[in-house]
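Just follow the structure's listing: the first ligand is 1, and inside any ligand the first atom is 1.
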Amino acid sequence: MRPDRTFRSLNHLNPLTMNRKRAWAEPYKIKMVEPIFMSTREEREKYIAEAGYNTFLLKSRNVYIDLLTDSGTSAMSQSQWAELMKGDEAYAGSEDFYHLEEAVRKYYGYQYVIPTHQGRAAEHIISQILIKKGDFVPGNMYFTTTRLHQELAGGTFVDVIIDEAHDPDSTYPFKGNVNLEKLENLIIEKGADKIPYICIATTVNMAGGQPISLRNLKAVRELAWKYGIRIVHDMTRVAENAFMIQQKEEGYQDKSIARIVREICDLTDIATMSAKKDALVNIGGFLAVNDYDIYEEGRNLVVVYEGLHTYGGMAGRDMGALAIGIKESVSDIHIHARVGQVLYLGNQLLEAGIPIVNPIGTHGVFLNARKFLPHVPQDYFPAQALAAELYVDSGVRAMERGIVSAGRNKKTGAHNYPRLELVRLTIPRRVYTQSHMDVVADSVKYVFENRESINGLEMVYEPKYLRFFQARFKKVVPVTPQKMQNPEEKEPVVHAH
Ligand code: F0G
């Protein structure tokens, strides 16, 4: 596969390189360092076995380059660290709450803000407020915690993303788009009163970090108005989505990231935010709304589950750092370098012929485990096995986004079988350099060359909720090719919930 060179590089922002293709570097210098250590292969084989072949259960000290997630793993800037010292830790009415509120209003445009300890708490609150038993919640693909909170509130998630999103080889630039026909059919079939809101994520994590276009979002807005349905925006990676719009959507090349972010938010009514991603903090989130009545209900619920409405689940200093993180996250220079690093890694893998999700996403590179390990059927958790092998090879920690993450069917108890069986190499923001990316690419290539030696896994412990976090596995004894090819002959395992 040829590398994706359709992106404008950082060059146009840099007077030195404006008119020429030149090397670029991260737009920061490192003031404080955290040492990382390389273990031996034998040690890593022991660590991963002890962790039940689940990279979530590894100790971070045994990881060399940590690409488990981009959540809460960013490096904060000197301004954010300085702000921590000024934190106002008053129980009520902290100065930092007002800084946060001001930043949300200015950069995202939502009127009312309720801080929460992280994104899923905001999802919990909004699901409890808006969803009734028997409701349907359409969305541009599911996210694990989002869907679970919708289900716990009595709703059923319905995937209305375009089909291309489920095809790792489709190079469609906006795989986060909604299939408008599917959405409208659902509204007609179930009735608008059964649809409390449409859930729109920017970018779509489970599809491989894929953006939605503004054109599509505007059409969703029109439909939502037509039927009187709200739009809830999962804005966890909205600046990254804006970057893709600036790069690829006609008419946005000369608009700033800040302006595009605002345009996206203005098309939606409510937002849930995991500030641990885009917004460059290690912990935090919020629920933001424009409708005063919903705000009022949210304020009532947040004191039950999180804390007073002027701190939710956050320390004052963390709200202060978040207010600054929001501002930094919509800077063009920052976002170009952030996604630029992901593209740098992804392009190396494409050039080496490694099967990855196309186009390269904004927060990570997603290996296509189905193609990487065609000899391991989905029942033997190929993405889980691949993530474990990558760790053993080089100490690089990735994570599974496939059948384990997809969980079980609520009614039948059988596994959900997603078309996407992926390993996510997630890049933390401002943490690693291009040299780290070179090491990662090198390891993926090595594992690819030796892929035939990788067998699948069997699940030996399965938690009730969000099983990918804590499930444990063991290596399968190599099975006969005959058995490997016919996983569907097995009875589906029926589970208690
Ligand atoms: N929505 C999206 C799109 C997410 O990626 C996440 C978290 C959440 C909501 C929930 O936010 O973790 O702050 O409670 N994603 C992390 C990840 C866990 O690794 O992708 P949270």
Side-chain angles (χ1 to χ4, degrees), residues 54-56 60 66-74 114-127 137 139-152 157 159 161 165 175-176 199-212 232-241 244 264 268 270-288 302 305-306 312-314 318 322 325 329 342 357 361-366 383 387 397-402 404-407 420 422-429 431 465-470:
N54 186 345
T55 52
F56 273 102
S60 107
D66 203 347
L67 307 187
L68 183 73
T69 176
D70 62 331
S71 182
T73 52
S74 300
I114 297 172
T116 56
H117 76 281
Q118 58 185 77
R120 68 198 70 183
E123 293 166 356
H124 173 212
I125 292 171
I126 200 64
S127 302
V137 187
N140 56 346
M141 206 176 265
Y142 81 101
F143 183 71
T144 52
T145 58
T146 323
R147 182 178 67 186
L148 183 60
H149 281 298
Q150 292 163 358
E151 289 174 356
L152 290 173
F157 168 80
D159 190 2
I161 204 164
K175 285 163 96 175
C199 188
I200 296 295
T202 53
T203 56
V204 181
N205 191 353
M206 301 302 279
Q210 304 295 330
I212 179 171
V232 174
H233 176 201
D234 179 345
M235 63 178 302
T236 297
R237 296 181 182 85
V238 66
E240 293 177 8
N241 198 118
M244 285 297 184
I264 295 171
T268 66
I270 295 169
T272 56
M273 174 60 143
S274 169
K276 302 168 73 175
K277 282 85 167 173
D278 239 17
L280 297 162
V281 286
N282 302 121
I283 192 73
F286 57 77
L287 173 67
V302 78
Y305 296 111
E306 296 282 297
M314 294 181 77
D318 288 332
L322 170 54
S329 77
V342 180
V357 172
T362 60
H363 66 302
V365 178
F366 290 68
R397 169 156 72 170
M399 75 171 280
E400 193 262 10
R401 287 272 91 142
V404 184
S405 295
L420 296 177
L422 310 175
V423 170
R424 186 179 75 171
L425 301 163
T426 343
I427 316 300
R429 295 164 186 80
V431 170
Y465 297 119
L466 303 175
R467 63 186 185 175
F468 57 94
F469 283 130
Q470 289 152 342

Does a side-chain N-to-carboxylate-O contact under 4.0 Å join Asp70 and Lys277?
no

Protein residues that have a heavy atom under 4.0 Å from any atom of ligand 1, sorted by chain and number:
Thr69, Ser71, Gln118, Gly119, Arg120, Glu123, Phe143, Thr145, Asn205, Asp234, Thr236, Arg237, Ser274, Lys276, Lys277, Arg424

Ser405 side chain vs Glu400 backbone, donor-acceptor pair below 3.5 Å
yes

Is it true that a side-chain atom of Thr272 and a backbone atom of Leu287 form a donor plus acceptor pair closer than 3.5 Å?
no

Can you confirm if the NZ or CZ of Arg401 lies within 45° of the ring axis of Phe468 and under 6.0 Å from the centre of its six-membered ring?
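Yes, a cation-pi geometry holds between Arg401 and Phe468.
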
Given Thr202, which of His233, Arg237, Glu240 fulfils the side-chain hydrogen bond (donor to acceptor under 3.5 Å, both in side chains) condition?
His233

Indicate whether any N or O donor in one side chain lies under 3.5 Å from an N or O acceptor in the other, for Thr203 and His363.
no

